[in-house]
S.K.: 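Below: one structure in structure tokens.
Each residue takes its place number in the sequence, starting with 1.
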Amino acid sequence: MTTTYTFQIYNSTPLLPLEWNSLAVNNIFLTREYLEVLENSCPVNMICHFIGIFNDNKLEGIALTQFLFAEKLESFGERDQCLKTSVRNFAFKNFASHVLFVGNNMLTGQNAFAFNKEAIQSKVIKTLHKAINQLKKDLKANGKKVHITSIKDFTATEIEPLQAEFKNNYTFSTQPNMVFEINKNWKSEQDYIDALSKKYRDQYKRARKKADGIVKQKMSLADIKKYEDIIYDLYFHVAKNAPFNTFFLARNHFSFFKEIMKDNFLFYGYFIEDKLIGFNTLIKNGNTMDTYFLGYDETIQREKMLYLNMLYDMIAYSINQGFREIVFARTALEIKSSVGAKPVKMYGLITHSNTLINHNIAKLFNYLEPKTDWQERNPFK
């Protein structure tokens with residue numbers, strides 16, 4: 001008896017099959033609840049679709065796609081105002097402004113799909129390929145031609161079965177995912193401090209001393225709503241100054257996230273004399289703590305070493321709560337490395353709808369992906 005795999009594309013979470021979450025048990029970022037947050041408070045230039053893969057009528061695979069269109073973006077990152085940026089922005093607007101991500105462009109790591117353990121992997125991936133092609137046709141019929149398709153973020157072993165199926169795709173590697181492994185013998189923040197070498201213990205002490213006068217507060221849904229505009233300004237300041245940006249969050253993103261995800265979403269505000277000067281967010285994902293977006297007042301962040309203090313706070317909380325690892329994601333690689341995070345090389349697949357460009361995709365990709373030079377640190381004894 002041959003197994004027949006089929007797919008269904010959903011453009012709204014209420015339409016998802018009832019058993020959807022049974023395949024998302026190991027990843028909060030594929031659950032119906034998280035996808036509802038994404039759908040209802042996603043960036044203005046993003047459209048989400050959800051794919052169900054079936055064997056007869058049994059759900060065997062689930063996947064997330066995000067279609068990003070750059071027309072509504074004011075800025076692709078303002079930090080490097082030079083020729084390369086203008087060339088990159090031109091290239092981006094004309095050849096790469098419609099990008100279909102299979103996965104989640106707002107997170108780092110394999111948040112693209114989950115399959116039933118019993119499913120025939122190669123067949124599920126082949127069906128996913130068909131679903132992606134169908135989605136591209138549907139988008140084109142609605143006047144949205146996909147320029148680039150990208151499947152992300154995978155470790156070296158996770159990418160292999162995808163490479164076998166998506167043969168004409170270019171395999172790329174971007175900035176690594178910074179992952180902090182929590183030593184199973186650590187029970188408190190003090191255990192972490194004791195494990196640091198003298199130089200990095202001194203860095204810790206200096207940062208903590210600088211943060212004098214800052215009050216950290218766990219914020220409720222009502223608090224987040226009360227400070228919504230200030231929160232957005234703090235977030236936007238940081239996002240706008242990133243080297244390269246493909247989206248900006250919706251203003252209500254954090255309050256909606258808290259409303260739906262409740263205790264799995266943590267929001268911490270940092271205050272000086274009742275004025276909100278920074279915030280960070282964390283998402284509990286099984287044994288893993290995922291760091292999410294943050295924001296701060298740049299003038300205070302420098303003087304008070306606020307960003308570094310936030311990293312230490314995230315580590316302290318995760319140790320106290322018994323988490324196994326912290327996903328610090330990309331960006332700010334060196335400072336994350338200085339607190340003990342290690343780089344994990346991540347890979348993705350990319351293809352362009354234009355055959356000529358696709359032939360030279362490696363060159364185009366190197367233009368679009370800003371290079372980062374950084375030095376890895378080891379803060380432990």
Side-chain angles (χ1 to χ4, degrees), residues 7-54 59-69 72 99-116 128 131-132 135 138-139 142 144 152-153 219-225 227-228 231-232 235 239 246-267 279-286 288-294 327 329:
F7 64 84
Q8 184 75 40
I9 299 168
Y10 307 94
N11 56 10
S12 174
T13 48
L15 303 173
L16 298 180
L18 293 173
E19 66 274 32
W20 184 276
N21 275 4
S22 67
L23 289 184
V25 284
N26 296 320
N27 191 349
I28 197 169
F29 299 119
L30 287 169
T31 59
R32 179 194 295 269
E33 292 74 17
Y34 171 77
L35 297 178
E36 189 188 334
V37 172
L38 202 52
E39 181 187 2
N40 289 289
S41 67
C42 73
V44 289
N45 63 319
M46 181 187 283
I47 301 167
C48 296
H49 291 91
F50 319 105
I51 298 168
I53 295 168
F54 299 84
L59 186 68
E60 297 271 83
I62 56 175
L64 162 69
T65 69
Q66 295 176 335
F67 176 66
L68 273 120
F69 45 101
K72 290 191 181 178
V99 184
L100 179 66
F101 284 101
V102 181
N104 194 327
N105 194 38
M106 299 159 72
L107 300 163
T108 306
Q110 203 292 73
N111 300 301
F113 50 70
F115 303 150
N116 183 344
L128 176 64
I132 294 165
L135 180 56
D138 297 349
L139 285 164
N142 288 318
K144 293 178 162 59
K152 62 178 282 287
D153 277 321
M219 291 170 75
S220 65
L221 175 59
D223 297 330
I224 298 168
K225 282 186 167 166
Y227 287 98
E228 196 130 70
I231 288 167
Y232 192 78
Y235 151 74
T246 49
F247 65 86
F248 292 109
L249 295 176
R251 201 166 277 271
N252 71 336
H253 183 74
F254 298 111
S255 55
F256 194 80
F257 209 131
K258 186 67 180 166
E259 202 167 330
I260 302 293
M261 304 303 280
K262 303 192 168 54
D263 287 345
N264 283 325
F265 179 64
L266 303 169
F267 193 107
F279 73 89
N280 68 45
T281 51
L282 294 166
I283 301 164
K284 298 175 183 174
N285 189 8
T288 299
M289 181 63 85
D290 271 81
T291 62
Y292 200 48
F293 292 94
L294 52 78
V327 173

S.K.: Report the distance from atom OG1 of Thr288 to atom CD1 of Ile283, rounding to the nearest 0.5 Å.
M.R.: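 Separation between the atoms: 12.0 Å.
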
S.K.: I'd like to know whether the aromatic ring centres of Tyr10 and Phe50 sit less than 6.0 Å apart in this structure.
M.R.: no

S.K.: Compare all side-chain heavy atoms of Leu38 with those of Phe29 and state whether any distance is below 4.5 angstrom.
M.R.: no

S.K.: Which of parallel (below 30°), tilted (30 to 60°) and perpendicular (above 60°) describes Phe265 and Phe257?
M.R.: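 Taking Phe257 first and then Phe265, their aromatic rings lie parallel (interplane angle under 30°).
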
S.K.: Just to verify, what does Lys144 make a salt bridge (Lys or Arg N to Asp or Glu O under 4.0 Å) with, not counting sequence neighbours?
M.R.: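 Result, salt bridge (Lys or Arg N to Asp or Glu O under 4.0 Å) vs Lys144: none returned.
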
S.K.: Look only at the side chain of Glu228 and the backbone of Ile231, and say whether a donor-acceptor pair between them is shorter than 3.5 Å.
M.R.: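 Not at all, since once roles are kept as given, no pair shorter than 3.5 Å links the two residues.
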
S.K.: Hey, mind stepping through His253 and Tyr235 against side-chain contact (heavy atoms from CB on, under 4.5 Å) and telling me if it holds?
M.R.: CA-CA 11 Å; His253 183 74; Tyr235 151 74; over 6 Å; no

S.K.: From the options Met106, Lys152, Met46, select the one residue that forms a side chain to side chain contact (heavy atoms under 4.5 Å, CB included) with Phe101.
M.R.: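 Option passing the side chain to side chain contact (heavy atoms under 4.5 Å, CB included) with Phe101: Lys152.
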
S.K.: Are any side-chain N or O atoms of Asn27 and backbone N or O atoms of Asn111, one a donor and one an acceptor, separated by less than 3.5 Å?
M.R.: no

S.K.: Checking Gln66 side chain against Asn105 main chain: does a donor-acceptor pair fall under 3.5 Å?
M.R.: yes

S.K.: To the nearest 0.5 angstrom, please state how far the CZ atom of Phe248 sits from the CG atom of Asn45.
M.R.: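 That separation rounds to 9.0 Å.
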
S.K.: Please report the interatomic distance NZ(Lys284) to CD1(Ile28), rounded to the nearest 0.5 Å.
M.R.: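 Answer rounded to 0.5 Å: 9.5 Å.
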
S.K.: Within the side chain of Thr291, is there an N or O that forms a donor-acceptor pair under 3.5 Å with the backbone of Leu282?
M.R.: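 Such a contact is absent between Thr291 side chain and Leu282 backbone.
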
S.K.: Once you round to the nearest 0.5 Å, how far does CG of Leu135 lie from CD1 of Ile132?
M.R.: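 One gets 8.5 Å once the value is rounded to the nearest 0.5 Å.
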
S.K.: Check whether any side-chain N or O of Arg32 sits under 3.5 Å from a backbone N or O of Glu19 as a donor-acceptor pair, and report yes or no.
M.R.: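 Side chain of Arg32 to backbone of Glu19: no pair is present.
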
S.K.: Please identify each residue that fulfils salt bridge (Lys or Arg N to Asp or Glu O under 4.0 Å) with Glu259, with sequence neighbours left out.
M.R.: Lys225

S.K.: Closest heavy-atom contact between Cys48 and Leu64?
M.R.: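 Looks like CB-CD1, 4.5 Å.
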
S.K.: What are the two closest non-hydrogen atoms of Ala329 and Thr108, and how far apart are they?
M.R.: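 Result for this residue pair: CB-OG1, 3.3 Å.
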
S.K.: Check for a donor-acceptor pair, side chain of Trp20 on one end and backbone N or O of Leu30 on the other, with a separation under 3.5 Å.
M.R.: yes

S.K.: Give the ring-plane orientation class for Phe254 versus Phe267, where under 30° counts as parallel, over 60° as perpendicular and anything between as tilted.
M.R.: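 Perpendicular.
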
S.K.: For residues Ile51 and Ala131, report the shortest heavy-atom separation together with the two atoms involved.
M.R.: CG2-CB, 3.8 Å

S.K.: Where the side chain of Thr281 meets the backbone of Phe293, is there a donor-acceptor pair that is under 3.5 Å apart?
M.R.: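 Yes, Thr281 side chain to Phe293 backbone: donor-acceptor pair under 3.5 Å.
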
S.K.: What distance do Asn40 atom CG and Ser12 atom OG have between them, rounded to the nearest 0.5 Å?
M.R.: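 Spacing of CG (Asn40) from OG (Ser12) equals 8.0 Å.
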
S.K.: Nearest 0.5 angstrom please: Tyr292 OH to Leu107 CG, how far?
M.R.: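 Spacing of OH (Tyr292) from CG (Leu107) equals 6.0 Å.
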
S.K.: Over all heavy atoms of both residues, which pair between Cys42 and Ala250 is shortest? Give the atoms and the distance, please.
M.R.: O-CB, 3.6 Å

S.K.: For Thr65, is there any backbone N or O sitting under 3.5 Å from a side-chain donor or acceptor partner on His49?
M.R.: no

S.K.: State, to 0.1 Å, how close Gly61 and Leu59 come at their nearest heavy-atom pair, and which atoms those are.
M.R.: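 Residues Gly61 and Leu59, closest heavy atoms: O-CD1, 3.6 Å.
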
S.K.: Report yes or no: does Tyr232 contribute a side-chain atom to a donor-acceptor pair with the main-chain N or O of Leu249 at less than 3.5 Å?
M.R.: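 Yes: the side chain of Tyr232 pairs with the backbone of Leu249.
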
